[in-house]
Trainee: 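The structure under discussion is supplied below as structure tokens; questions concerning it will follow.
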Amino acid sequence: MSTGRPPPRPDERSAPYWAAAARHELTVARCSRCGATTLPPDLTCPHCGSTDPAFTFVATTGQGTVRSWTVVRTSFLPGFDDDLPFVLVDVELDEHPHIRLIGRLLDGVDAPLRAGAGVEVAFEDLEPDVSVPAFRLVP
Amino acid sequence: MSGRFAASGRVAIAGYAQTPIERHAGQTLGALAVDTARRAIADAGLEVADVDGFVGSSLLPTAGGHAAEDGVSIVSPNWLAQHLGANPRYAVGFTGIGQLPGSVALAVNAVASGAAEVVLVHRALHNPPSRYHGNPMTAAAGQQQWTAPQGYFSPLAMIALPYNEYLQRYGARRDDMAAVVVEARKNGARIPWSYWHDQPLTTEDYLAAPTLFDPVCRYDCDIPVDGVATFVFTTAERARHLPHRPVHVAGYAMSALSRHRLPLHWPLDDIVDGGAELARRLWSHAGIGPADVDLPQVYDGFSPFVWLWLEVLGFCPPGEAHRFVADGGIDSDRPGALPALSGGGALGNGRMHGVPQMLECYLQLSGRAGERQRDAHVGVACHSSPHHGGAVVYTRDPA
Ligand SMILES: [Zn+2]
């Protein structure tokens, strides 16, 4: 199984996020110093400024709200041509409204989409043990 | 503490030169830059030996992973100084975003402080021969691991999200953007050095173009080009004794991303909030307000930036720019309108990264715009996004 799409290459900071994604769990990074959450995990905590945030990755419900979207009709990356056109949604996480993620909307380009629509996380399996967060509209 | 620039009006542009803007120039970028620099220095009535400062930005703005080779695909200030045979006291590169206002700020500071007396600011843009943004990556590492695996990639995707967010929030339509692009191309078509010279765009052509990343179509994006522009900065005092009427720098402001986001993710509120802060600092630095400006030159590398800059700088109320432009608010041929794209911008010239905005301010305020000459006193040249870019206020009079 391989889609030809570029899979994420986890690094020291992101490895727990991608390991959770492979289990189809969406997590966010929580600073061990101030408890605030963030994505992506940066070198310092964007909330308290700690240079040793020792992020832990905590589960989310994967529920979010669509703030914007685009229909992608041309791709500059390998592996997407067979999927064109597809929708990317800009999603504010309901439990963490300061965090916004971008993912493919798996409902297709004809799905009824509007700003404020509710979505939940879904996962695309790119390779064995490599899954990428995406979204589906909730009814 | 006052936000007013201590050197307001004390530094001026004394001359300039620019190449024709072409898809692919017949000369290498470095050779073009050297020739253009020589012409600018002569235009200012000076010699290479008079130039003791060099400032520029070397960013090659493509997502395609093209190699940046000094003198070939980029030109650094040091490369240019060396190949001109100059011996500068001051040669620095600006590495942030808002490359042209950032470079101008460094040059103005250098002249005002005495670090250099004559500073050449240059910008050399190159259009690589292969697909501009195409990227053959086989894995997404570093920052791109957060966006590329799901297909979020390239500046077109970057601008499509806040653009659509604007449309949804304010009930604007893609059709409204035709007025922006048609205005830029109308003005660009009148400019002999523009890639789009004599090639205006009709509303029908704009609306017929297929979208690439909805709602963005090809005409919303400036076209990649080869081109070099150079400007000579010196003290206002010295500039008074040089051949051309000086154009003064009243102040400038730069912005920087303030919220932690995914790479290339620019939510509308980030742009608007960062832009409001930039505008507050800009007016305070220059000692003027939007009502004093008769030559705003907003950045338009992607067409939605026109609406956003008009709003954050206070030329129309928030959420109204789409109507303001559609109603002729920036029509350069309409008396009383704000000619915000009179220089053709990036959409009407090619991807010159803030040069058309700065050049229009210089040409109009120095009285060198020829048959396009307008009666203008205060210009603002913007570059990049309001929350991740910059702007410079230019005046015809020193204060
Ligand atoms: Zn923290």
Side-chain angles (χ1 to χ4, degrees), chain A residues 3-11 13-14 17-18 21 38-42 44-47 66-80 83-90 92 98-105 109 113-117 124 126-127 130-135, chain B residues 62-65 131-171 209-218 221 257-270:
Chain A
T3 61
R5 286 162 51 179
R9 183 180 291 156
D11 52 40
R13 267 177 290 145
S14 67
Y17 175 88
W18 291 116
T38 184
L39 272 183
D42 205 345
T44 63
C45 173
H47 301 284
V66 173
R67 292 300 172 209
S68 189
W69 70 90
T70 180
V71 181
V72 179
R73 300 184 187 276
T74 183
S75 176
F76 299 112
L77 292 173
F80 286 96
D83 290 324
L84 297 174
F86 63 88
V87 179
L88 285 169
V89 282
D90 175 350
E92 179 181 293
H98 55 285
I99 297 178
R100 280 164 70 157
L101 295 181
I102 297 166
R104 280 170 22 106
L105 187 78
V109 292
L113 192 51
R114 57 178 177 80
E124 293 186 280
L126 297 194
E127 294 174 6
V130 178
S131 300
V132 174
F135 294 94
Chain B
T62 145
R131 199 176 175 203
Y132 196 82
H133 289 305
N135 191 310
M137 72 169 72
T138 54
Q143 283 290 295
Q144 287 184 327
Q145 70 184 290
W146 302 100
T147 45
Q150 59 269 49
Y152 183 71
F153 187 79
S154 92
L156 283 77
M158 176 195 76
I159 198 64
L161 290 180
Y163 179 15
N164 191 34
E165 200 173 3
Y166 183 103
L167 298 185
Q168 304 304 320
R169 184 177 300 181
Y170 297 118
T211 52
L212 303 170
F213 289 71
D214 292 9
V216 176
C217 74
R218 59 188 286 234
C221 314
L257 300 174
S258 59
R259 293 186 186 129
H260 183 59
R261 298 288 184 193
L262 304 185
L264 294 185
H265 188 197
W266 292 2
L268 180 59
D269 286 331
D270 290 14

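Just so we're on the same page: letters track the sequence lines, and every chain starts at 1. No hydrogens, no waters, no symmetry mates; every other heavy atom, side chains included, goes into these values.
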Trainee: Which region of Leu101(A), side chain (C-beta onward) or backbone (N, CA, C, O), has a non-hydrogen atom less than 4.5 Å from a non-hydrogen atom of chain B, or is it both or neither?
Mentor: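 Both parts, backbone and side chain.
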Trainee: Will you find, in the side chains of Ser68(A) and Gln168(B), an N or O donor that is under 3.5 Å from an N or O acceptor?
Mentor: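 Result is no, nothing qualifies.
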Trainee: Would you say the side-chain atoms of Asn135(B) pair up with the backbone N or O of Leu77(A), donor to acceptor, closer than 3.5 Å?
Mentor: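 No.
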Trainee: Is chain A contacted by the side chain of Pro210(B), its backbone, both, or neither, given a heavy-atom distance below 4.5 Å?
Mentor: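 Neither part.
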Trainee: List the steps, then state whether salt bridge (Lys or Arg N to Asp or Glu O under 4.0 Å) holds for Arg261(B) with Glu92(A).
Mentor: CA-CA 11 Å; Arg261(B) 298 288 184 193; Glu92(A) 179 181 293; over 6 Å; no
Trainee: Using heavy-atom distances under 4.5 Å, tell me whether Pro46(A) contacts chain B through its side chain, its backbone, both, or neither.
Mentor: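 The side chain, not the backbone.
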Trainee: Which answer fits Val132(A), side chain, backbone, both or neither, if we ask what part of it has an atom under 4.5 Å from a heavy atom of chain B?
Mentor: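 Looking at Val132(A), just its side chain touches chain B.
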Trainee: Which pair of heavy atoms, one from Phe80(A) and one from Pro149(B), lies closest together, and at what distance?
Mentor: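 Closest approach of Phe80(A) to Pro149(B): CZ-O, 3.5 Å.
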Trainee: Could you tell me whether the side chain of Thr74(A) and the main chain of Leu212(B) form a donor-acceptor pair under 3.5 Å?
Mentor: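 Between the backbone of Leu212(B) and the side chain of Thr74(A) there is no qualifying donor-acceptor contact (under 3.5 Å).
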Trainee: Does any N or O in the side chain of Arg9(A) come within less than 3.5 Å of the main-chain N or O of Ala140(B), such that one atom is a donor and the other an acceptor?
Mentor: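 A pair under 3.5 Å: no.
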Trainee: Would you mind telling me which of Pro41(A), Ala134(A), Ala115(A) has the largest number of heavy-atom pairs within less than 4.5 Å of chain B?
Mentor: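 Ranked by contacts with chain B, first place is Pro41(A).
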Trainee: Measure distances from His47(A) to the heavy atoms of chain B and classify the residue's part below 4.5 Å as side chain, backbone, both or neither.
Mentor: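 No part of it gets close to chain B.
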Trainee: Within the structure provided, determine whether Ile99(A) and His260(B) are in side-chain contact (heavy-atom separation under 4.5 Å).
Mentor: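 No; the side chains remain at least 4.5 Å from each other.
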Trainee: Is the number of heavy atoms from other residues, nucleotides or ligands under 6.0 Å of Arg218(B) CZ greater than 12?
Mentor: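 No, CZ of Arg218(B) has 12 or fewer neighbouring heavy atoms, counting only those of other groups under 6.0 Å.
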Trainee: For Gly103(A) and Gln150(B), which heavy atoms make the closest approach, and how far apart are they?
Mentor: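 Residues Gly103(A) and Gln150(B), closest heavy atoms: CA-CG, 4.1 Å.
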Trainee: Could you state the interatomic distance from CG (Asn164(B)) to CH2 (Trp69(A)), rounded to the nearest 0.5 Å?
Mentor: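 Taking CG in Asn164(B) and CH2 in Trp69(A), the distance rounds to 5.0 Å.
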Trainee: How far apart are the closest heavy atoms of Pro6(A) and Ala148(B), and which atoms are they?
Mentor: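 It is CG-O, 4.2 Å.
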Trainee: Under a 3.5 Å distance rule, please check whether His265(B) uses its side chain to pair with a backbone N or O of Ile102(A) as donor and acceptor.
Mentor: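 It does not hold such a pair.
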Trainee: Which region of Thr211(B), side chain (C-beta onward) or backbone (N, CA, C, O), has a non-hydrogen atom less than 4.5 Å from a non-hydrogen atom of chain A, or is it both or neither?
Mentor: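 When you check distances to chain A, atoms from both the backbone and side chain of Thr211(B) fall under 4.5 Å.
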Trainee: Looking at Arg100(A) and Glu165(B), is any side-chain nitrogen of the basic one under 4.0 Å from a carboxylate oxygen of the acidic one?
Mentor: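 A salt bridge links Glu165(B) with Arg100(A).
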